[in-house]
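First comes the structure, then the notes that go with it.
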Protein chains: 2
Amino acid sequence: MRRAGTSQDGRRRATVTDVARHAGVSTATVSRVMNRNYPVAAATRERVEASMRELGYVVNAHARALAGVSARTVGIVVNEVIDPFYAYIARGVEREAAAGDRLCLVCCTQGDPQRELAFIELLHQRRADAVILVGGSVQDRDYVAELGRRAEALHADGSRLVLCGRPGLGEGAPTARVEYDNEGGAFAVTDHLLTQGHRRILYLGGPPKLSTSRDRLAGHRRALKARGVAADPALVRPGPFSRSSGYHRMAELIDAGPDFTAVFAANDIVAAGAAQALEEAGVRVPRDVSLVGYDDIPVAQELRPRLTTVHVPLEEMGRQAVRLVLADGEEDDWREQPTGVVRLGTHIVVRDSVAPPGNGVRARRS
Amino acid sequence: MRRAGTSQDGRRRATVTDVARHAGVSTATVSRVMNRNYPVAAATRERVEASMRELGYVVNAHARALAGVSARTVGIVVNEVIDPFYAYIARGVEREAAAGDRLCLVCCTQGDPQRELAFIELLHQRRADAVILVGGSVQDRDYVAELGRRAEALHADGSRLVLCGRPGLGEGAPTARVEYDNEGGAFAVTDHLLTQGHRRILYLGGPPKLSTSRDRLAGHRRALKARGVAADPALVRPGPFSRSSGYHRMAELIDAGPDFTAVFAANDIVAAGAAQALEEAGVRVPRDVSLVGYDDIPVAQELRPRLTTVHVPLEEMGRQAVRLVLADGEEDDWREQPTGVVRLGTHIVVRDSVAPPGNGVRARRS
DNA sequence: ATGAAAGCGCTAACAT
DNA sequence: ATGTTAGCGCTTTCAT
């Protein structure tokens, strides 16, 4: 390995010491010029800046961080950057971080909790100002306990674990949280279907262990109950949050499933898959069957008919996640408390995929 | 500001020294245990590891980097994380980086070249192993020269500037490059339209100063020329790479534009907007007018009719970008050379949005 | 307004 | 196999 400080062409890179010598000042002065946090004579400043330019000086962020300055970094851990749900949240985080003059370390777990833990560790090693965990997770007892320990460790180092769109870790854990009304959105959209007259609603759910899935299903059930509609277990079909899963589950159920006149897909991606299966089976939306999704990502507007769904303020969640723990300039007072929760609303957005019950899909077991 | 090394509860965080003392060994041994790069007696190792656990020791990546070890970080600079074009490339970068045990700093410029420069600087300060610039850019002379200087500076510090899907910086610049056959894809898809019998093809281009736009337009023109079809300037309409721009430009041209029987949108997003305008105007695709896009991002499969487009190996571009400059383990031989280029192919993917010329859209100026 | 010098936490010679 | 120690490049008291 190349020795530290030695460049490709063998010339050492410039350091504060070099700049100081070149400008005929001390390193302290150079530091003061860079950080503008202390008075420096205009002439001196000029000279130092000229030297920096001439030597092609680039400050070493690691040295700076080691000397006790914040690394100005926030870490964000998501399943998948290409999934719009995460991408929008990531955008919010990135923008708010950039506004606070910070850079963003993005980590993708691909849904693997072990990888999630590993990334938290890596971000802790880099002394990230905050570590933001995004999206639903398995709520396994041991896992939650382990996360609690990590939260503790981060907090002890002056950083913070932020849970964005996922449940808390229990009383003790020093985490901040950004929630959205997941259950409420599911309630609202189910109620919308009910209001149109639907009674047999097929629920194409998410992975059953994910907190997000559970909350949405809970909202759905509460809505049914509120209207006194019996919850038929045959109408609840959990599965992965993927387009292909939506497609396959839907195709299967059209072929040999229970009767239904409406479909509630637990997210828009699953809805897109379901829409294709419906289309291929010649089932017209919304004339024969109504369809709704969840999240309100762009695909909802591209589907035909355009998809009625639940809007989730994804980008805002990302922004709040960083704002919650990183107040720049202002007094630290209330932010010093280790836990803080922000709760954002969701709302239904009505488009063209819902109508009163039509022919529906009838059981036609072979 | 809280003093470095002092945690929330006032207890100092553990350092190698603490671990060493606790385990009754020297700091060197602790380091050797962590890095597994040197023999350590099994018993000693156990003891050290126990101490690390007990003290909740988390290595400080900055101290490590300062001591001369790579920061194991790659920087990626994109326009926008929620744009699938960039998101897929970012995914490739992230995965390849993770495979090489590195973390990924993601920066969004929102299309602003100044911000791009600022991010390059920030990534240099953090001593990223590589800085990957993604997507087309303005090829303004001064700007290219400035980028060249940054490439030089990075290279002098043992890092590398990688241009991913954008033109080189000229002979001298020590950059690596990942290209894709942008011009060729545009040629192929135009030729496809021509083969179907189209002669009046409306070209809904990208921003005229972007290299990506230029290359695509060039391919389009070459295809026309190859078939001896005159290039009508009225049929070339540049504009932003956005859905709304596609929508508005299309609507306007339907209303009061030149005749055409096919539309080539310079990317799928623009195509999605155009498709909506066509739909609203009652122009049927592909019966009345054929439509093609570029990039082959997921929306192409959601549109109805499904969009014929040009596939670009986005994720692979991202992977290659990091692979090109960061070979782990293997000999450095050929990678030592400051410049390297990888060129990836593109290919047309035929779906349902193209047919022989139909009624087309006729000029009906008000 | 500026300088001198003591760390920050780690790694890698160099010793033993 | 393990210990000693000299930096890595910066910030920040404490002097002046």
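Quick note on labels: first sequence line is chain A, next is B, and so on, each numbered from 1.
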ask   = Looking at the side chain of A:Ser31, which of D:dT12, D:dG3, C:dT11 is the nearest nucleotide?
value = D:dT12

task = Give the nucleotide from the list C:dA1, D:dT4, D:dT11 with an atom nearest to the side chain of B:Ser26.
result = D:dT4

query = Between B:Arg64 and B:Asn35, do the side chains contain an N or O donor and an N or O acceptor separated by less than 3.5 Å?
reply = yes

Can you confirm whether [X] sits close enough to [Y] that some side-chain heavy atom of one is under 4.5 Å from a side-chain heavy atom of the other?
{"X": "A:Val134", "Y": "A:Ile76", "answer": "yes"}
{"X": "A:Arg323", "Y": "A:Glu316", "answer": "yes"}
{"X": "A:Leu154", "Y": "A:Val131", "answer": "yes"}

Please determine whether a side-chain nitrogen or oxygen atom of [X] lies at a distance below 4.0 Å from atom OP1 or OP2 of [N].
{"X": "B:Thr15", "N": "C:dG9", "value": "no"}
{"X": "A:Asn60", "N": "D:dC8", "value": "no"}
{"X": "A:Asn37", "N": "D:dT12", "value": "yes"}
{"X": "A:Thr44", "N": "C:dA1", "value": "no"}
{"X": "A:Thr29", "N": "C:dA1", "value": "no"}

task = Hey, which sits more toward the 5' end of DNA chain D by its nearest nucleotide, B:Val40 or A:His62?
result = B:Val40

remark   = When B:Thr27 and A:Ala63 are each assigned the nearest nucleotide of DNA chain D, the 5'-most assignment goes to B:Thr27

Measure from [atom1] on [X] to [atom2] on [N] and round the result to the nearest Å.
{"X": "A:Leu66", "N": "D:dG7", "atom1": "CG", "atom2": "P", "result": "17 Å"}
{"X": "A:Arg21", "N": "C:dA4", "atom1": "CZ", "atom2": "C1'", "result": "15 Å"}
{"X": "A:Arg32", "N": "C:dG3", "atom1": "CZ", "atom2": "C1'", "result": "8 Å"}
{"X": "A:Met52", "N": "D:dG9", "atom1": "CE", "atom2": "C1'", "result": "15 Å"}
{"X": "B:Arg126", "N": "D:dG9", "atom1": "CZ", "atom2": "C1'", "result": "16 Å"}
{"X": "B:Arg45", "N": "D:dT2", "atom1": "CZ", "atom2": "C1'", "result": "14 Å"}
{"X": "A:Tyr38", "N": "C:dT2", "atom1": "OH", "atom2": "C1'", "result": "10 Å"}
{"X": "A:Asp157", "N": "C:dG9", "atom1": "CG", "atom2": "C1'", "result": "12 Å"}

ask   = Is there a donor-acceptor pair under 3.5 Å between the side chain of A:Arg36 and the backbone N or O of A:Val33?
value = no

ask   = When all nucleic acid strands are considered with a 4.0 Å heavy-atom cut-off, which category describes B:Val30: base, sugar-phosphate, or nothing?
value = nothing

query = Heavy atoms under 4.0 Å, any strand shown: does B:Ala41 hit a base, just sugar-phosphate, or nothing?
reply = sugar-phosphate

inquiry  = Ignoring hydrogens and geometry beyond distance, is the side chain of A:Arg127 in donor-acceptor contact with the base of C:dG9 at under 3.5 Å?
reply    = no

